[in-house]
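Quick notes on the structure that follows.
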Amino acid sequence: MKRSIAAALVMTTSLAFAGGASAQTMDKVAKVGALGDQSGLYQDIGGPGSTVAAQMAIEDSGLLAKGWKIDLISADHQNKPDVAVNIGKQWIDVEKVDVFVDLAASNVGLAIANLAKEKNVVNLNSGSASSDLTGAQCSPNTVHWVYDTYMLANGTGKALVKSGGDTWFFLTADYAFGQALERDTSAVVTANGGKVLGSVKHPLNNADFSSFLLQAQSSKAKIVGLANAGGDTTNAIKQAAEFGIVSGGQRLAGMLLFITDINALGLNVAQGLNFTETFYWDMNDQTRAFTKRFMERFKKNPPTMVQAGVYSSLIHYFKALEALGGNPHDGRAVVAKMKELSTDDPLFGKGSIRVDGRKIHPAYLFEVKKPSESKYPWDYYKLVATIPADEAWLPLEKSVCPLVKKS
């Protein structure tokens, strides 16, 4: 299946870069690099599905009909920053890639953000969560599209504290994403009158959570916050059920959950979980229409918010190229144009991109349905609250991004 997906989706157009494109040239050629987890812990939230979404964005941009040549390549970063950077250098220097997409795993995302800045290409990150991408490590070459750890903490964390979950214990993935998510959620919990009683870090792609769950159980915290993602989250939730965490009176907070995680858990286990996302396939007619087209190509699952973000970010990227009159192969210039233009697409609606590179759109607090409430395949969420765009994200005046000028 992976071979057929790769064969079908990786465009094989041969691009003529006479003498190599430079910042001084303007042409109608672009090359997209979908760099994601193609086979590991996060493959379901991005990976092959992100490559499908990127292909759809290329076709839907309308640029091919206007004489543009747009190529798409993909690769597996294996959730390793050194692997990602080696691929990235090869793509930029040899393959002449103009723009990176996907980039699930924050350690990978931060490494590629630095590379994109150094090489002056465009970095459209929809897969990583760390708010540092638009904070201390922001870049004029990066746009952080879909979600981040501040938004997740502000949505789920605040809601749970206000509903009585005022003591927390964290199970945290031991790398950049988990650390950022615990940090940002802890800040929200304490700001809203709650207390963090402790935390424990676990390795990435962990199979046995028993010792960590015992520590969470003995803490007697009302909320056990899962600052992890993908298979780590689903494994922790399944094993928490076996340990009687919820039946013993504690609540689980999946700080980052995707529809593929809910599917893996099943509604019997996942029902009642609260979490925050910025995209759900069944939100409206536009998201359902896109999902129908997406699943005609990628039959495994509806688009996750990462895959939706790949599509949305590329649609806006192509609008910026067209507004520039061609591709200058100058990442900073293209991102600057993207920030000038308002965003508008069928998946995230109207929005904008701030000076720090943060894409602004509403977020949604969801609850997983009971099995009896689900009426058709993938009918898993019910909307609890809409978080307006101006409330979902870290206020710009609090940003530590060097691009933000302080008055």
Side-chain angles (χ1 to χ4, degrees), residues 33-36 42 45-46 50 53-54 77 81 84 88 99-117 121-155 176-177 179-181 183-184 229 255-256 258 276-279 304-317 320 331-332 334-339 341-343 345 347-348 351-363 387 389-390 392-396 398-404:
L35 186 56
Y42 303 140
I45 67 175
S50 287
H77 60 50
V99 54
F100 288 92
V101 296
D102 191 346
L103 304 164
S106 290
N107 51 0
V108 167
L110 291 165
I112 292 298
N114 289 331
L115 178 66
K117 181 179 179 181
V121 298
V122 177
N123 181 40
L124 304 180
N125 192 315
S126 68
S128 301
S130 175
S131 58
D132 291 339
L133 281 163
T134 53
Q137 298 190 50
C138 71
S139 160
N141 295 75
T142 290
V143 181
H144 200 186
W145 205 264
V146 181
Y147 68 106
D148 64 24
T149 49
Y150 177 89
M151 181 277 293
L152 297 169
N154 189 51
F177 154 66
Q179 294 157 14
L181 186 52
R183 175 198 68 203
D184 290 350
M255 299 308 301
L256 177 57
F258 296 89
T276 308
E277 287 205 52
T278 56
F279 171 83
T304 65
M305 64 174 168
V306 171
Q307 293 156 353
V310 169
Y311 176 89
S312 173
S313 61
L314 278 175
I315 287 292
H316 192 65
Y317 167 77
R332 281 183 279 279
V334 175
V335 169
K337 178 57 70 173
M338 291 178 71
K339 290 176 180 177
L341 302 173
S342 297
T343 64
D345 66 77
L347 306 189
F348 293 87
S352 61
I353 301 171
R354 297 192 316 200
V355 64
D356 59 353
R358 177 68 261 162
K359 165 66 165 60
I360 302 299
H361 44 246
I387 306 169
D390 61 352
W393 311 96
L394 180 73
L396 196 57
K398 294 184 178 180
S399 174
V400 296
C401 169
L403 300 174
V404 179

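No hydrogens, no waters, no symmetry mates; every other heavy atom, side chains included, goes into these values. Quick note: residue numbers are just sequence positions, from 1.
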With Lys117, which residues qualify under salt bridge (charged side-chain N to carboxylate O under 4.0 Å, His left out), at least two apart?
none
With sequence neighbours left out, what residues match Arg354 under side-chain hydrogen bond (donor to acceptor under 3.5 Å, both in side chains)?
Asp356
Apply side chain to side chain contact (heavy atoms under 4.5 Å, CB included) to residues Asn123 and Leu103 and explain how you reach the verdict.
CA-CA 9 Å; Asn123 181 40; Leu103 304 164; 2.9 Å; yes
Results of salt bridge (charged side-chain N to carboxylate O under 4.0 Å, His left out) for Arg332 - residues two or more places apart only:
none
My understanding is that only residues two or more places apart in sequence, or in another chain, count here; which of them pass side-chain hydrogen bond (donor to acceptor under 3.5 Å, both in side chains) with Asp345?
Ser312
Taking only residues two or more places apart in sequence, or in another chain, which ones meet Ala84 in a side-chain contact (heavy atoms from CB on, under 4.5 Å)?
Leu35, His77, Val108, Ile112
Compare all side-chain heavy atoms of Leu124 with those of Lys359 and state whether any distance is below 4.5 angstrom.
no
Could you list the residues that satisfy side-chain hydrogen bond (donor to acceptor under 3.5 Å, both in side chains) with Gln179, not counting sequence neighbours?
Asp174
Are Thr276 and Tyr147 close enough that some pair of their side-chain heavy atoms sits under 4.5 Å apart?
no
Quick check on side-chain contact (heavy atoms from CB on, under 4.5 Å): which of Leu110, Leu133, Val143, Thr134 does Asn125 satisfy it with?
Leu133
Looking only at heavy atoms, what is the nearest atom pair of Ser130 and Ala180, with distance?
OG-CB, 3.8 Å
Could you tell me which residues satisfy ring pair (Phe, Tyr, Trp, His ring centres under 6.0 Å) with Tyr150, sequence neighbours excluded, listed by chain and number?
none
Once rounded to the nearest 0.5 Å, what's the spacing between atom CD1 of Ile45 and atom CG of Leu256?
6.5 Å
Mind checking the SG-CG spacing from Cys138 to Asp132? Nearest 0.5 Å is all I need.
10.0 Å
With distance as the sole test, does His361 use its side chain to make a donor-acceptor pair with the main-chain N or O of Thr278 at under 3.5 Å?
no
Would you please name every residue forming a side-chain contact (heavy atoms from CB on, under 4.5 Å) with Ser126, sequence neighbours left out?
Trp145, Val146, Val306, Val310
Report the distance from atom OG1 of Thr149 to atom CG of Asn154, rounding to the nearest 0.5 Å.
11.0 Å
Suppose we screen for salt bridge (charged side-chain N to carboxylate O under 4.0 Å, His left out). Which residues come up paired with Asp184, at least two apart in sequence or across chains?
none
Nearest 0.5 Å, what's the NZ-CD1 distance between Lys337 and Ile353?
12.5 Å
side-chain hydrogen bond (donor to acceptor under 3.5 Å, both in side chains) test vs Ser131 passes for just one of Gln137, His144, Arg183, namely Arg183
By side-chain hydrogen bond (donor to acceptor under 3.5 Å, both in side chains), which residues pair with Lys339, not counting sequence neighbours?
none
Applying salt bridge (Lys or Arg N to Asp or Glu O under 4.0 Å) as the test, list every pair that has at least one member in residues 99-114; sequence neighbours left out.
none
Do Thr304 side-chain atoms and Gln307 backbone N/O form a donor-acceptor pair below 3.5 Å?
yes
What pair of heavy atoms forms the shortest contact from Ala111 to Pro81, and how long is it?
CB-CB, 4.1 Å
In Å and rounded to the nearest 0.5 Å, what is the OG to OH distance from Ser128 to Tyr42?
9.5 Å
Give me the atom names and distance for the closest heavy-atom approach of Tyr311 to Ala53.
CD1-O, 3.6 Å
CE-CZ distance between Met305 and Phe258, expressed to the nearest 0.5 angstrom
4.5 Å
Which residues pass the side-chain contact (heavy atoms from CB on, under 4.5 Å) test with Ala308, sequence neighbours left out?
Phe279, Leu347, Phe348
